[in-house]
Amino acid sequence: MSATADASTLSASDSHAHDGKFHVFVQLAMILAIITGMELLVIYIPMPEWLVISILMGLSVVKFLAVIFIFMHLKWDKAFCTILFFIGLALGGGTLWALLLLHGAKDSQPVGPAYEMVE
Amino acid sequence: MSSHAATAGHIDHHHDATTSTGIPNKKLFMWAFLASDCMFFGSLIATHLIYRLHPPAGSPDPRDLFSIELTSGSTFILLMSSLLMALAVNAIQKGNVATTRKMLLGTIIFGLIFLGGQVYEFNHFVKVGGLTLSNSVFGSTFYTLTGTHGTHVAIGVLWLVLMYIRTFKPTDDSNGQGWIAKGALHFLAFAGAVVVGMYTLLALVHAYEEGHGLAYYFSHHFISFGGTIALIGALIWFARSPGPVDFGEANAIDVESMGLYWHFVDIVWIVIFPVVYLLEYIVLP
């Protein structure tokens, strides 16, 4: 087979892949909109606080991962991009978690007249 | 169409054999930058949460200030802007400049709507709610976090506008610097249309809120309304087909890098929306 024929086959294949991505992107946007609607519904349903927070965090994680892997092409890019981004994400998330734990500890509770009134 | 159209279908957008990592350098730089930005926003979100968990006496109740309808609308707008950005990248990877321009314009408009919503929200909080950057810890952490995100959105919109104008660079550069001067005028028309258009729209909202009719509105804001129409006309004139352009599939990495930044702005809001807004509305049984 000639090189020209190979090139046209490659081009048709790429074009098909791009068309496929178009539908994936539109479907993902619809799913993200539905998840956002679910987040809104969840806060008005009387449930234990821990359960509402868990559901909200779970839905946010789903949205977050969907955007980075599909809209941001991590699914199709080299794994190094994913590793690089998740290093930053782990450091940022770890800092957030550590600060919340530190300030949640009893010895770290803020003191002073302003805070005692709240307690 | 593009001078690069001939190469359509032959560029591997996920692999660059000329770099040691196999990843285009621009993309690698953007992922490294976004990773560092994760740490930046992680600290800001942690700061806000800590002060929300330990509010000093006299802290305002966010539920008295927030408008969940407005914020939900802004969230939806930002999600849809991410879709348009992804479609812009998809289009330029096929060398389709016309569709790329349309998708970039849509992303710009959605970004501006989000920013308009944030300006309205901040204005409402300061003037009606009395919440400023310095009169409460809640105000300080809230404005710092959401303001930093808004600044990222504004930078993204500016980048999008510059990229949109870049798509008009002609292949034939015999005119020398003419294209740069035209690009600068294009940018000024864009900036003018946004500022005058927002002023005109806000004036219409105020006229409606105060019970004035359209006749009152047009008699008092005729110049700004006419200016908006003229600037939109200028934008259409600048956007007319200039012939072959020096923009195509080979520029896909530039659009993709910008897209990564824009999607990051979206994922930060995906975290801010529940953490800062929705958690305040939890109904305890």
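Worth knowing before you read on, the calculation uses all heavy atoms, side chains too, and leaves out hydrogens, waters and symmetry mates. All chains are named by letter (A, B, ...) in the order of the sequence lines, taking the proteins before the strands, and each is independently numbered beginning at 1.
Comparing B:Phe41, B:Phe264, B:Tyr277 by heavy-atom pairs within less than 4.5 Å of chain A, the highest count is held by B:Phe264. Counting heavy-atom pairs under 4.5 Å between each of B:Glu280, B:Met30, B:Met80 and chain A puts B:Met80 at the top.
Within a 6.0 Å sphere centred on CZ of B:Phe76, other residues, nucleotides and ligands contribute 12 heavy atoms or fewer. Enclosure of atom CH2 in A:Trp76 by more than 12 non-hydrogen atoms of other residues, nucleotides or ligands within 6.0 angstrom is indicated.
Between atom CG of residue A:Leu65 and atom CD1 of residue B:Ile270 there is a gap of 9.5 Å, rounded to the nearest 0.5 Å. With values rounded to the nearest 0.5 angstrom, B:Thr71 atom OG1 is found 9.5 Å from A:Leu40 atom CG. The distance from the CD1 atom of B:Ile267 to the CZ atom of A:Phe71 is 12.0 Å, given to the nearest 0.5 Å. Atom CG of B:Leu34 and atom CG of A:Leu84 lie 9.0 Å apart (nearest 0.5 Å). In this structure, the separation between CD1 on A:Ile87 and OG on B:Ser36 is 12.5 Å, given to the nearest 0.5 Å. Atom CE of A:Met30 sits about 9.5 Å away from atom CG of B:Leu79, to the nearest 0.5 Å.
The parts of B:Ser82 that come within reach of chain A are both its backbone and its side chain, each placing non-hydrogen atoms under 4.5 angstrom from that chain. In this structure, chain A has heavy atoms under 4.5 Å from both the backbone and the side chain of B:Leu278. With a 4.5 angstrom heavy-atom cutoff, B:Glu256 touches chain A only via side-chain atoms.
Within the 4.5 Å cutoff, side-chain heavy atoms of B:Val89 are placed close to those of A:His73. Considering only heavy atoms from C-beta on, A:Tyr44 comes within 4.5 Å of B:Ile68 through its side chain. For the pair B:Cys38/A:Phe85, a side-chain contact is recorded, criterion being any heavy-atom separation below 4.5 Å from C-beta on. You'll find the side chain of A:Leu100 reaches within 4.5 Å of the side chain of B:Leu53, heavy atoms only.
Closest approach of A:Met57 to B:Pro274, counting heavy atoms only: CE-CB, 4.4 Å.
Between the A:His103 side chain and the B:His54 main chain, no donor and acceptor come within less than 3.5 Å of each other.
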